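What follows is a short report on a single structure.
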Amino acid sequence: MAATQRAPFIVIEGLDRSGKTTQTSNLLVRLQKDGKDVQLIKFPDRTTPIGQMIDSYLRSASELDDRAIHLLFSANRWELASTIEKLLNSGTTVICDRYAFSGIAFSASKVDASGHRLLSYEWCKSPDIGLPKPDIVLFLDITPEKARERGGYGEERYEKEEMQRRVRTNFEGIRKEMMELESKSQDHTLVWEVIDAGRSLEEVEQDIWSHIEPLYRSQCPSLGRLWK
């Protein structure tokens, strides 16, 4: 398949309760109405055997070593890596609700009782090296205080304000690192946009669309690999 026929790979990231699920669903519908072939993938994919173990952990129904659960999250992404690549090369746009960046941001935010980080950033990143690289990452940014005002906050393991603050800081560190790496990249460049998710649903949706629409005005280059 010629590289010029590849479809865009879109990732939407953000803190818990930032509106990712709503916005990814709305984007899916909008692209479908525009006549685009598009598929939405949510990570973790809780339907697979690995995903079911992750789901149990996130609902605090089971306990796992911090390294083990991080590797399960990564394995869950690798389960679908070849599917994502095939879809893109066949002309189907892929939207991911969370991706490898969430895996790093959340795992590297875990601390012990003394506040010391349990897992290093580099260790958290290493299992995902080589995954398909998105064309664009849209990070839905919201303060933990604002997120707490939204329904359902705190239902899952990571939805704690202190944890979310550390996650937010880690996302910013990832963004800066990615932008520095992309400035030196020889393959296609990943774009990372920060979206203010504290606004109305309509305002956020329009902001997202302003970044997505230009992807279809030019041909996509060959698919790159994360951190390679």
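One-based numbering along the sequence shown. Just so it is clear, the model here is predicted, and its values are computed rather than measured.
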Does Ile104 share a hydrophobic cluster with Trp78, counting links as ILVMFWY side-chain heavy atoms below 4.5 Å and allowing steps through other members?
-> yes
Please confirm whether the backbone N or O of Cys124 pairs with a side-chain atom of His70, one donor and one acceptor, at under 3.5 Å?
-> yes
Connected via hydrophobic side-chain network under 4.5 Å: Val29 and Val94 = no
Flag, side chain of Asp37 to backbone of Thr92, donor-acceptor distance under 3.5 Å | no
Applying side-chain contact (heavy atoms from CB on, under 4.5 Å), run through His211 and Glu193 and close with a yes or a no.
-> CA-CA 8 Å; His211 296 295; Glu193 300 288 351; 3.6 Å; yes
Look only at the side chain of Asp34 and the backbone of Lys36, and say whether a donor-acceptor pair between them is shorter than 3.5 Å.
-> no
Distance-only, no hydrogens or angles: does the Ser74 side chain make a donor-acceptor pair with backbone N or O of Leu71 under 3.5 Å?
-> no
Can you find a pair of side-chain heavy atoms, one from Val194 and one from Arg175, that are under 4.5 Å apart?
-> yes
Give me the other members of the hydrophobic cluster that Leu215 sits in, counting Ile, Leu, Val, Met, Phe, Trp and Tyr linked by side-chain heavy atoms under 4.5 Å, directly or via other members.
-> Ile10, Ile12, Leu27, Leu28, Leu31, Val38, Leu40, Ile95, Ile136, Leu138, Leu140, Val191, Ile195, Val204, Ile208, Trp209, Ile212, Tyr216
To the nearest 0.5 Å, atom NZ of Lys146 lies from atom CZ of Arg17 at 15.5 Å
Starting at CD1 of Ile54, measure out to CZ of Phe73 and round the result to the nearest 0.5 Å.
-> 5.0 Å
Donor on one side chain, acceptor on other, Asn76 and Glu79, under 3.5 Å = yes
Contact check, side chains of Lys42 and Thr21, non-hydrogen atoms, under 4.5 Å = yes
Cluster check Leu118, Ile174: I/L/V/M/F/W/Y, side chain < 4.5 angstrom = no
Inter-residue atom distance Lys133.NZ - Leu226.CG, 0.5 Å rounding = 7.5 Å
Give a yes or no on whether the backbone of Ile84 and the side-chain of Gln39 come within a donor-acceptor separation of less than 3.5 Å.
-> no
Regarding Ser102 and Glu13, is there a side-chain donor-to-acceptor distance under 3.5 Å anywhere?
-> yes
Do Thr169 and Arg165 have side-chain heavy atoms sitting under 4.5 Å apart?
-> no
Hey, are the side chains of Met178 and Phe101 touching, using non-hydrogen atoms and a 4.5 Å cut-off?
-> yes
Any salt bridge between Glu172 and Arg168, counting N to O under 4.0 Å?
-> no
Distance, nearest 0.5 Å, that separates CG of Leu80 from OG1 of Thr48 = 7.5 Å
For Pro8 and Leu88, the nearest pair of non-hydrogen atoms, with its separation, is O-CD2, 3.3 Å
Hey, are Glu203 and Ser200 close enough side-chain-wise for a donor-acceptor pair under 3.5 Å?
-> yes
Steps toward side-chain contact (heavy atoms from CB on, under 4.5 Å) verdict (Leu223, Glu85) | CA-CA 8 Å; Leu223 192 65; Glu85 189 167 356; 3.9 Å; yes
Side-chain heavy-atom pair Tyr57, Met53 within 4.5 angstrom cut-off = no
Are the side chains of Glu182 and Trp192 in touch, meaning some heavy atoms are under 4.5 Å apart?
-> no
With clusters built from Ile, Leu, Val, Met, Phe, Trp and Tyr whose side-chain heavy atoms come within less than 4.5 Å, directly or transitively, what are the remaining members of the cluster of Val111, listed by chain and number?
-> none
Does the ring center of Tyr99 lie less than 6.0 Å from the ring center of Phe9?
-> yes
Calculate, to the nearest 0.5 Å, the distance between atoms NZ and CZ belonging to Lys110 and Arg117 respectively.
-> 13.0 Å
Show your reasoning for whether side-chain contact (heavy atoms from CB on, under 4.5 Å) applies to Phe43 and Val11.
-> CA-CA 10 Å; Phe43 285 114; Val11 168; over 6 Å; no
Is Asp135 paired with Arg6 through a side-chain N to carboxylate O contact shorter than 4.0 Å?
-> yes
Hey, is Lys176 close enough to Glu180 for a salt bridge, meaning N to O under 4.0 Å?
-> no
Heavy-atom side-chain contact between Gln52 and Arg46 under 4.5 Å = no
Would a hydrophobic clustering, with Ile, Leu, Val, Met, Phe, Trp and Tyr connected at side-chain separations under 4.5 Å, put Leu119 with Ile69?
-> no
Note, Pro44 side chain near Leu72 side chain (heavy atom, < 4.5 Å) = no
Is the closest basic N to carboxylate O distance between Lys125 and Glu177 below 4.0 Å?
-> yes
From Thr83 atom OG1 to Ile41 atom CD1, the distance as rounded to the nearest 0.5 Å = 7.0 Å
Would you please test Asp207 and Arg199 for salt bridge (charged side-chain N to carboxylate O under 4.0 Å, His left out) and show each step?
-> CA-CA 10 Å; Asp207 199 353; Arg199 298 170 296 167; 2.8 Å; yes
is_close_aromatic(Phe171, Phe139), centroid dist under 6.0 Å | yes
Gly14 backbone acceptor or donor facing Ser18 side chain under 3.5 Å | no
Does a side-chain N-to-carboxylate-O contact under 4.0 Å join Asp55 and Arg59?
-> yes
For Asn170 and Ala105, the nearest pair of non-hydrogen atoms, with its separation, is ND2-O, 3.2 Å
Backbone of Gly103 reached by a side-chain donor or acceptor of Arg98 within 3.5 Å | no
Take Trp123 and Arg67 through the test side-chain contact (heavy atoms from CB on, under 4.5 Å) and record every step on the way to the result.
-> CA-CA 9 Å; Trp123 188 89; Arg67 289 173 177 79; 3.6 Å; yes
